[in-house]
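First the structure, in the form of structure tokens, and then the observations on it.
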2 protein chains.
Amino acid sequence: MNKPEIPTLDDVAKEARVSTATVSRCLNSPDQVSTKTRDKVLKVVKDLGYTPNFGAQALAAKRTNTFGAIVPTMNNAIFAAGLQAFQEELGHNGATLLLASSSYNSQAEEEQIRSLVSRGADGLLLIGTQRSDQIYSFLDDRQIPFVIAWSYEENKRRSCVGFDNLKASYELTLRAISLGHKKFAIISAPTHSNDRAKNRVMGIHKALKDNGINFQNVQSIECEYSIGNGFESFKTLMQVADRPTIVMCGNDVLAAGAVKMAHEMGLKIPDDISITGFDDIELASVIEPALTTVHVRHKKMGMLAAQVLLKQVDDKSYRENIKLDTWIVEGKSLAKPRSFL
Amino acid sequence: MNKPEIPTLDDVAKEARVSTATVSRCLNSPDQVSTKTRDKVLKVVKDLGYTPNFGAQALAAKRTNTFGAIVPTMNNAIFAAGLQAFQEELGHNGATLLLASSSYNSQAEEEQIRSLVSRGADGLLLIGTQRSDQIYSFLDDRQIPFVIAWSYEENKRRSCVGFDNLKASYELTLRAISLGHKKFAIISAPTHSNDRAKNRVMGIHKALKDNGINFQNVQSIECEYSIGNGFESFKTLMQVADRPTIVMCGNDVLAAGAVKMAHEMGLKIPDDISITGFDDIELASVIEPALTTVHVRHKKMGMLAAQVLLKQVDDKSYRENIKLDTWIVEGKSLAKPRSFL
DNA sequence: ATATAAAATGTAAGCGCTTACATTTATCGG
DNA sequence: CCGATAAATGTAAGCGCTTACATTTTATAT
């Protein structure tokens with residue numbers, strides 16, 4: 001069996017009796033070619049089943065139409081939803097997604113960034129703001145367009161599509177306070193090198209402080225994102241003499257674990273204990289009782305991020321800072337503490 | 001401001017006073033170079049911050065070290081988990097993942113396949129067996145290594161890493177039958193162009209048939225994967241005079257929706273109605289009552305798929321058919337029907 | 001020390017495409 | 001019908017890398 005010959009631009013050009021330049025133009029800027037030749041060439045392209053060689057195209061055009069995204073983990077509904085939207089929007093524009101996950105490890109993230117850049121990514125989607133100056137200047141030096149998602153910052157020097165984690169968390173906490181809660185506990189994702197998690201915790205602290213509640217005494221556990229960890233952490237938080245009346249969780253998955261443990265311990269939600277989540281993933285509405293949580297527009301974020309990124313590729317100096325709104329989703333897991341009943 | 005000059009192989013070669021070939025060898029096959037020059041060259045590489053140009057490399061080497069994966073949706077924990085493992089395994093081997101999702105549309109999937117191939121993917125991860133002969137021969141013609149995941153087939157002509165959807169479903173159904181269930185209903189993902197969904201339904205039918213239960217009368221609803229659809233479908237299934245005693249769902253997400261509706265309708269699970277899932281995603285253990293479902297080794301599948309794919313790239317004739325085991329996870333959502341209590 | 005094999009390095013020809021520039025062909029007012 | 005201008009097409013020089021092959025250096029055996 002002889003090797004299948006993959007047709008090249010040259011083959012098409014010969015077959016259509018035109019120059020390679022014309023074929024290239026038919027494909028990349030059709031209006032520069034007369035209708036007659038264009039039709040002729042495109043027919044040959046189809047007959048031969050020609051597809052451009054990616055490497056050659058990238059080398060010659062200095063552009064790959066691929067975009068990189070580095071997410072902390074794919075194993076998380078929020079990033080999955082955002083990425084799906086991001087990819088779809090790219091797809092509408094003839095671009096493709098290169099995906100990597102950093103496992104919440106900033107060292108790994110830097111490597112991934114470099115790797116994606118050297119793979120010719122035209123632009124990058126990054127999660128959160130927190131990374132070394134070094135890697136930011138690497139991106140600047142190479143003039144790689146990138147957009148930060150899931151975090152919002154006023155920073156005209158770089159683009160972002162995110163929301164105010166601190167404020168959202170602040171407002172959820174205010175809500176709890178207004179219901180009469182005074183004894184808080186927190187289960188958070190690790191705040192080290194995760195500005196979203198950090199801001200969510202800070203939002204709680206600020207709300208407490210603003211309302212004269214001492215936040216130094218607030219028990220707080222940091223653990224990685226999983227139902228199991230929420231489960232264990234909740235137990236730990238409850239093993240104190242003076243139990244909190246509310247456990248605020250950094251995200252819905254941790255909250256789901258907490259709810260599960262509450263059931264196991266025979267605690268009624270929300271009478272014995274209130275639990276809040278963050279993100280409003282589908283899960284939040286299924287568990288019993290439905291979680292009170294913060295809705296985040298993950299899909300919209302992914303879509304807008306793609307749009308901003310594409311604009312930045314066209315115009316390297318383009319920047320945009322988009323803040324999306326969030327809102328509290330009322331479930332049944334947050335209510336007045338028992339002492340107020 | 002002058003454009004940042006990205007260093008090339010040539011720059012490195014000049015700086016290190018060797019030929020470009022030597023530099024290339026230092027990077028790609030270090031043992032062909034003496035320790036002395038290698039150290040010298042690698043130092044320059046580091047000092048200059050050189051990274052190979054992807055396009056050039058791809059063009060010259062006819063290999064990109066990128067692999068494509070096309071999943072029906074990212075918005076599904078099972079694929080997310082599998083992909084994450086797939087990507088990590090690739091990463092350990094210096095390869096990167098190109099990701100696309102087809103939205104369960106086989107037309108779209110074909111386009112994605114062609115797109116990823118023309119983008120120079122060295123190999124592909126595909127979900128399920130069901131696609132046109134045309135696209136299979138496209139892959140064969142171009143000798144693109146690929147591996148099919150989530151489905152198992154005895155087919156020496158192509159590789160797969162999957163499990164027996166039919167058998168797993170069959171056994172779960174047997175379990176229900178042995179508990180005394182005779183009136184079944186099904187909520188399935190669309191079986192058109194989805195062999196996994198199809199086999200899961202067929203497994204149920206076969207088990208019923210083998211046990212003398214007429215499966216023609218079994219109510220069955222097909223709907224896309226979402227909690228909301230499970231919710232609605234369950235309601236529909238219950239709006240009949242002769243209600244089923246068990247609703248078997250094609251996956252955990254649909255089951256979660258069904259459970260939610262059961263609660264809403266005031267039906268006790270499992271006393272009034274049994275509900276089963278499939279996949280054993282984290283969700284399954286959190287909802288109340290915990291789902292009886294089928295555990296699938298998604299992560300293992302992703303990892304193995306990467307390994308098989310990498311082997312196939314080295315040896316184009318290599319094939320492997322791996323069948324992973326599955327097992328029933330006992331939740332509280334499946335029990336004897338009321339009439340048997 | 002010398003012949004010979006092996007290891008290290010260099011030379012240079014592409015890989016398949018895009019695009020600046022040159023050339024040819026069509027269009028059009030007078 | 002002519003010359004001027006615009007539109008269409010062609011020519012050919014890279015883009016930055018890998019690798020077959022040629023050459024030089026080093027190691028080994030005699």
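Treat the numbers as computed from the prediction; the structure is a model and nothing was measured. Residue numbering restarts at 1 for every chain, and letters A, B, ... go by the order of the sequence lines.
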request  = Please say whether more than 12 non-hydrogen atoms of neighbouring residues, nucleotides or ligands are located less than 6.0 Å from CG in B:D315.
outcome  =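 Above 12, so yes.
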query = If each of B:S19 and A:R25 is mapped to the nucleotide of DNA chain C with the nearest heavy atom, which maps nearer the 5' terminus, i.e. the 5' end?
reply =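 Result of the comparison: B:S19.
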query = With nearest nucleotides of DNA chain C determined for B:R17 and A:A56 from heavy-atom distances, which residue corresponds to the more 5′ nucleotide?
reply =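 This one resolves to B:R17.
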key: pair A:T66-A:L97: side-chain heavy atoms closer than 4.5 Å   =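 No, every pair of side-chain atoms sits at 4.5 Å or beyond.
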request  = Walking along DNA chain C from 5' to 3', note the first and the last nucleotide with an atom under 4.0 Å from a heavy atom of chain B, and give both.
outcome  =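 Listed 5' to 3', the contact boundaries are C:dA8 to C:dG16.
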ask   = Listed by chain and number, what are the side chain to side chain contact (heavy atoms under 4.5 Å, CB included) partners of B:D31, not counting sequence neighbours?
value =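 For B:D31, no residue satisfies side chain to side chain contact (heavy atoms under 4.5 Å, CB included) once neighbours in sequence are set aside.
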At 4.0 Å (heavy atoms only), tell me whether [X] reaches a base, stays on the sugar-phosphate, or touches nothing.
X     : value
A:T20 : base
A:S24 : base
A:A21 : base

ask   = After noting the C-alpha distance and the side-chain angles of A:N75 and A:Y225, does the key distance pass the side-chain contact (heavy atoms from CB on, under 4.5 Å) rule?
value = CA-CA 10 Å; A:N75 226 326; A:Y225 175 95; 5.9 Å; no
message = Give the residues of residues 46-54 of chain B touching DNA chain D, defined as any heavy atom closer than 4.0 Å, sorted by residue number.
response =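 Those residues whose heavy atoms fall under 4.0 Å from DNA chain D, taken from residues 46-54 of chain B in numerical order, are B:Y50, B:P52, B:N53.
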ask   = Which atoms form the tightest heavy-atom contact between B:P72 and B:S102, and what is the distance?
value =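 That would be CA-OG, 3.4 Å.
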query = In terms of side-chain heavy atoms, does B:E320 have a donor or acceptor partner in B:Y318 at a distance below 3.5 Å?
reply =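 Their side chains do contain a donor-acceptor pair, which is all the 3.5 Å distance test asks for.
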request  = Specify whether B:Y136 and B:F146 have parallel, tilted or perpendicular ring planes, treating 30° as the upper limit for parallel and 60° as the lower limit for perpendicular.
outcome  =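 If you compare the ring of B:Y136 with that of B:F146, the planes turn out tilted.
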ask   = Does the ring of A:F138 carry A:R114 above it, NZ/CZ under 6.0 angstrom from centre and within 45° of its axis?
value =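 Yes.
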